[in-house]
Amino acid sequence: SGDAAEGDATGRTGASLFVLSFRDLTEARRLDRMRSDFVANASHELRTPLASLMGFVETMQGPARDDAKARERFLGIMLDQASRMSRLIDDLLSLSRLELRSHVAPQGRVDLVEIAGHVCDALRPMAAEIGVEINLSHGDRPVIVSGDRDELIQVLENLIENACKYGQSGGRVDVGIEPDTGMGTLVSVRDYGPGIARQHVPRLTERFYRVDVESSRTKKGTGLGLAIVKHILTRHRARLLVRSEPGEGSTFSVRFNRESDARG
Ligand code: ADP
């Protein structure tokens, strides 16, 4: 067992190795703990819509058997619950694929102006439906970073979709791309919604962390979006910066390393 290894290390080779081995075990235990918490959380998140689905199936077999109107309504709810499970499974698979790839540097050259254009175009109909206008601003040249195109698209989708959903009341989302002028390339997504209280900010990228569980549910969140964003950005050696003022909105920015640092 792990404890025996600790004892051996002390007995044979002295204090410095003991310290090292003790730290490794603590880290291993912490990771084990995180993994089992994650499995428990994921199971719980899947179980909730599944229980609801099963409940409706039973109702349709029993009390609602001859009520066509009720059955129609229940089928709609069941489809919603099944979609929710499907989104969760997609996000869980994304996370596990990213973990498998975490030690491989992403390959490729990506024009942030081009992918931001695509993502904004794709999200505008959804945004318009909830009364949000998406504005994209950038210079007239491409802004190239090293990275994986699909993964960076996923980052922009998540940040812009969150800004629209949670900042809906602000009516507007500003996406900006600034080329590297010495501090690294910057992408920012600003909303004018309710903002996020300071104590929540450091925890936003935790798996299944939500500021408001109910609003995340109604807005079709899984609680995994920002965890996926963080994984992708770590792989790209880029950083997520969050600035938020309750009542004034939030800015989620991605700062890429200077190209020379990224290659080095
Ligand atoms: P979800 O799938 O619930 O949207 P995310 O990981 O994408 O999960 O985000 C975690 C939580 O952070 C959300 O549930 C929401 O409470 C909060 N959040 C994210 N973006 C914003 C934003 N732009 N404004 C306010 N709250 C936000």
Side-chain angles (χ1 to χ4, degrees), residues 34 37-38 41-42 44-46 48-49 80-99 116 119-120 122-124 126-127 129-136 151-176 186-235 238-255:
M34 272 176 53
D37 283 355
F38 175 60
N41 280 334
H44 176 77
E45 296 283 336
L46 283 167
T48 309
D80 282 348
Q81 300 295 340
S83 310
R84 176 169 171 69
M85 293 178 73
S86 171
R87 278 197 302 278
L88 260 164
I89 290 168
D90 284 346
D91 280 356
L92 288 168
L93 285 173
S94 275
L95 267 176
S96 101
R97 272 197 297 267
L98 283 165
E99 275 186 347
V119 172
C120 290
L123 290 176
R124 276 196 186 102
M126 174 282 291
E129 219 164 87
I130 59 173
V132 176
E133 187 184 25
I134 301 176
N135 305 296
L136 171 61
E151 289 183 13
L152 293 179
I153 286 178
Q154 205 176 353
V155 166
L156 292 180
E157 268 172 3
N158 266 310
L159 296 181
I160 300 171
E161 199 178 321
N162 276 351
C164 294
K165 289 191 307 192
Y166 300 110
Q168 180 181 3
S169 57
R172 169 173 145 219
V173 167
D174 295 334
V175 182
L186 191 75
V187 178
S188 59
V189 179
R190 167 141 180 60
D191 71 65
Y192 301 84
I196 304 163
R198 162 171 273 162
Q199 72 269 24
H200 295 294
V201 172
R203 303 195 58 189
L204 291 178
T205 57
E206 283 175 25
R207 292 159 176 196
F208 298 118
Y209 190 81
R210 298 166 174 113
V211 174
D212 173 355
V213 175
E214 203 38 52
S215 98
S216 168
R217 284 255 153 74
T218 56
K219 292 175 193 295
K220 307 199 167 178
T222 61
L224 294 172
L226 290 176
I228 291 172
V229 164
K230 184 186 167 186
H231 255 77
I232 293 175
L233 293 182
T234 305
R235 244 164 76 66
R239 301 210 312 146
L240 179 68
L241 312 166
V242 184
R243 205 174 324 126
S244 190
E245 191 65 50
E248 315 220 327
S250 315
T251 305
F252 285 72
S253 315
V254 177
R255 189 180 283 289

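Start at 1 and go down the list; that is how both ligands and their atoms are numbered.
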So do [Y] and [X] actually touch side chain to side chain, heavy atoms under 4.5 Å?
X    : Y    : value
V119 : I153 : yes
E161 : M126 : yes
Y166 : V211 : no
R207 : H231 : yes
N158 : L226 : no

Can you tell me the protein heavy atom closest to [atom] and the distance?
atom                    : answer
atom 3 (O) of ligand 1  : S216 OG, 2.6 Å
atom 10 (C) of ligand 1 : Y209 O, 3.4 Å
atom 12 (O) of ligand 1 : L204 CD2, 3.5 Å
atom 18 (N) of ligand 1 : Y166 CD1, 3.9 Å
atom 23 (N) of ligand 1 : D191 OD2, 2.8 Å
atom 19 (C) of ligand 1 : N162 ND2, 3.7 Å

Carboxylate-amine/guanidinium proximity below 4.0 Å for E45 and R210: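 Result for this pair is yes, salt bridge flagged.
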
Give the numbers and elements of all ligand 1 atoms closer than 4.0 Å to a heavy atom of [X].
X    : value
G223 : 1 (P), 2 (O), 3 (O), 6 (O), 8 (O)
G225 : 5 (P), 6 (O), 7 (O)
G221 : 1 (P), 2 (O), 3 (O)
R210 : 3 (O), 14 (O)
S250 : 24 (N)

Ligand 1 versus V211: contacting region, heavy-atom distance under 4.0 Å: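 Answer for V211: both.
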
Contact partition for F252 relative to ligand 1, non-hydrogen atoms under 4.0 Å: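 The answer is the side chain.
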
Counterpart residues, side chain to side chain donor-acceptor pair (under 3.5 Å), relative to E129 (two or more places apart):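 Partners of E129 under the side chain to side chain donor-acceptor pair (under 3.5 Å) test: none.
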
Any residue meeting side chain to side chain donor-acceptor pair (under 3.5 Å) with S188, in chain and number order, not counting sequence neighbours: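 None.
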
Per atom 9 (O) of ligand 1, closest listed option by heavy atom (T222, I160, L226):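 Nearest heavy atom to atom 9 (O) of ligand 1 lies in L226.
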
Closest approach of I130 to C164 (non-hydrogen atoms, all atoms of both residues):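 For I130 versus C164, the nearest heavy atoms are CD1-O, 3.5 Å.
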
